Amino acid sequence: MPHRIAVIPGDGIGPEVAKVGVRLLERLGLPLQFEWFDFGAERYLKDGTILPRGFLDTLRRDFDAVYFGAVGDPRVPGNEHAKGILLAMRFELDLYINLRPCILIDDRLSPLKGKGRNELRFTVLRENTEGLYTGTGGVFKKGTADEVAQEVEINTRKGVSRICEAAFAFAERRGLARVCMADKANVLLHGHGLWRRAFADTAQRHPAIQAKAMYVDALAMDLIRQPEAYDVIVTNNLFGDILTDLGAALTGGLGLAASGNINPGRVSLFEPVHGSAPDIAGQGKANPIAMALTGALMLEHLGYPQEANRLTAAVEAQVRDGAHTPDLVPLLGGTAATTDQVADELYKRL
Ligand code: NAD
Ligand code: IPM
Ligand code: MN
């Protein structure tokens, strides 16, 4: 039976990079069957569809993975379709692990003096189903001088424990020594007190791994000062969102940053960390490498570690010796190539 993969290119540069990603994955000769879906701003503006009724059940029943470009379009300023597509899949499919490797491919991509491939190689596991992202809360007396707005952070023992457990299990699988949990327990006593307790309980079950809890502000600083002190970082939904853009900037930028939204053994969603980049959409400037590396994460999830390594190795060689898109020119020098030129070279390498 082939693996069935739902491709949702989405908006802006999403379709430009999704096309490349699928072409590279097809080159590997694996039993993968791709089906394309047109959800995104265009479809939403045309007929009001965000995700059709029953689509999530279809994913659960018939698909192994979703390969996702990006959503976000200036014509939908409230971003409601993006929440309805991306966050709905994260929540409804219970994709509780947002896996975001921040691993430097080439020393020239590092913005930090003296920090290269040996120093910049941490992975963030971001809690992906609760925290400040659930939409719990409300607005009272909207638009008046007395307006009250409340955004409630949800932290459940089950939700926090399972992402902590996933972080330790990840470290063990990869032979990594250290797991750091980032919170703001000095101020958010209730919710992040729960994180401290759940993290300590989980750490006790993994005595061979060094466990450390840190305040997120101190961690943000330390990731610039000594990134080599971190192997695995586990944190809540919002802090993980912020720290992984920081992690992307430390490792070559959003054009290279890949991610998985994972529930082990179930249909899971793979997307680059970047958004739809409306500022460069349609100009052949999008870096397809984040999407390619995202494909490698998906292959690992599907049980093809060797092919994932092949794809990753081709990307690394491309960054070292090949053409690159404009986002990498300040870091690598040379002249800018187009998305398709980079894609063609990558294809040949495979
Ligand atoms: P963005 O990631 O789209 O872009 C930020 C900057 O990085 C831009 O200057 C862009 O040109 C550049 N960039 C991003 N990806 C690139 C790539 N592959 N190659 C070269 N340059 C790249 O973030 P934003 O501008 O804050 O958001 C734009 C839209 O995307 C918004 O609607 C936002 O909500 C949405 N968004 C969606 C996702 C997602 O679908 N997962 C993630 C983040 C943002
Ligand atoms: C990300 C994005 C999303 C998030 C947005 C688009 C909802 O920034 O995947 O990092 O905040 O999780
Ligand atoms: Mn983000």
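All figures in this text were calculated on a predicted structure; none of them were measured in a lab. Atoms within a ligand are numbered from 1 in the order they appear, just like the ligands themselves.
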Distance filter under 4.0 Å to [X] heavy atoms, resulting ligand 1 atoms:
{"X": "Ala277", "answer": "3 (O), 10 (C), 11 (O), 14 (C)"}
{"X": "Ala70", "answer": "40 (O)"}
{"X": "Ala286", "answer": "19 (N)"}
{"X": "Ile13", "answer": "15 (N), 16 (C), 17 (C), 18 (N)"}
{"X": "Asp327", "answer": "20 (C)"}
{"X": "Leu254", "answer": "2 (O), 5 (C), 7 (O)"}

Considering only the protein, which heavy-atom contact is closest to [atom], and what is its distance?
{"atom": "atom 41 (N) of ligand 1", "answer": "Glu271 OE1, 2.8 Å"}
{"atom": "atom 21 (N) of ligand 1", "answer": "Ile280 CD1, 3.5 Å"}
{"atom": "atom 17 (C) of ligand 1", "answer": "Asn287 N, 3.6 Å"}
{"atom": "atom 32 (O) of ligand 1", "answer": "Gly72 CA, 3.2 Å"}
{"atom": "atom 35 (C) of ligand 1", "answer": "Val71 O, 3.1 Å"}
{"atom": "atom 14 (C) of ligand 1", "answer": "His274 CB, 3.6 Å"}
{"atom": "atom 29 (C) of ligand 1", "answer": "Ser276 OG, 3.3 Å"}
{"atom": "atom 39 (C) of ligand 1", "answer": "Leu86 CD2, 3.8 Å"}

- Message: Name the residue from Thr244, Asn261, Asn237 that meets the side chain to side chain donor-acceptor pair (under 3.5 Å) definition with Arg126.
- Response: Asn237
- Proximity flag Pro278 to ligand 1, non-hydrogen atoms under 4.0 Å: yes
- Within-shell test, Val273 vs ligand 1, heavy atom, strictly < 4.0 Å: yes
- Item | Per atom 9 (O) of ligand 1, closest listed option by heavy atom (Thr339, Asp279, Thr325) | Asp279
- Message: My understanding is that we take every heavy atom of each candidate and find the minimum distance to atom 43 (C) of ligand 1. Doing that for Ser259, Gly275, Ala82, which one comes out nearest?
- Response: Gly275
- Query: What pair of heavy atoms forms the shortest contact from Ile209 to Ala177, and how long is it?
  - Reply: CG2-O, 3.4 Å
- Task: Could you tell me whether the side chain of Glu127 and the main chain of Thr129 form a donor-acceptor pair under 3.5 Å?
- Result: yes
- Taking Thr339 for its side chain and Ala286 for its backbone only, find out whether a donor-acceptor pair lies under 3.5 Å. yes
- Message: Can you confirm whether more than 12 heavy atoms, excluding those of Gln306, are under 6.0 Å from its CD atom?
- Response: no
- Item | Arg61, CZ atom: more than 12 neighbouring heavy atoms under 6.0 Å | yes
- Message: Measuring only between side-chain heavy atoms, which start at C-beta, is Glu307 closer than 4.5 Å to Leu30?
- Response: yes
- Message: Taking the side chain as everything from C-beta on, heavy atoms only, tell me whether Glu271 gets closer than 4.5 Å to Leu86.
- Response: yes
- Give a yes or no on whether Leu32 and Leu269 share a hydrophobic cluster (residues Ile, Leu, Val, Met, Phe, Trp, Tyr; joining criterion: side-chain heavy atoms under 4.5 Å apart). no
- Using 2.8 Å as a strict upper limit, say whether an N, O or S atom of Asp241 approaches the Mn ion (ligand 3) that closely. yes
- Query: Is Asn79 close to ligand 1, meaning an N/O of one under 3.5 Å from an N/O of the other?
  - Reply: yes
- Below 4.0 Å from any atom of ligand 2, which residues have a heavy atom? Give them in chain and number order, please. Arg90, Arg100, Arg126, Tyr133, Asp241
- Item | For Phe199, ring pair (Phe, Tyr, Trp, His ring centres under 6.0 Å) partners two or more places apart | Phe168
- Within 4.0 Å of atom 25 (O) of ligand 1 (strictly less), any protein heavy atom? no
- Can you check salt bridge (Lys or Arg N to Asp or Glu O under 4.0 Å) on Arg117 and Asp107, steps first, answer last? CA-CA 6 Å; Arg117 291 194 73 171; Asp107 286 352; 5.5 Å; no
Ring centroid separation for [X] and [Y], is it under 6.0 angstrom?
{"X": "Tyr44", "Y": "Phe39", "answer": "no"}
{"X": "Phe37", "Y": "Phe55", "answer": "yes"}
{"X": "Tyr304", "Y": "His3", "answer": "yes"}
{"X": "His192", "Y": "Phe239", "answer": "yes"}

- Item | CG on Leu125 to CE on Met181, rounded to 0.5 Å | 13.5 Å
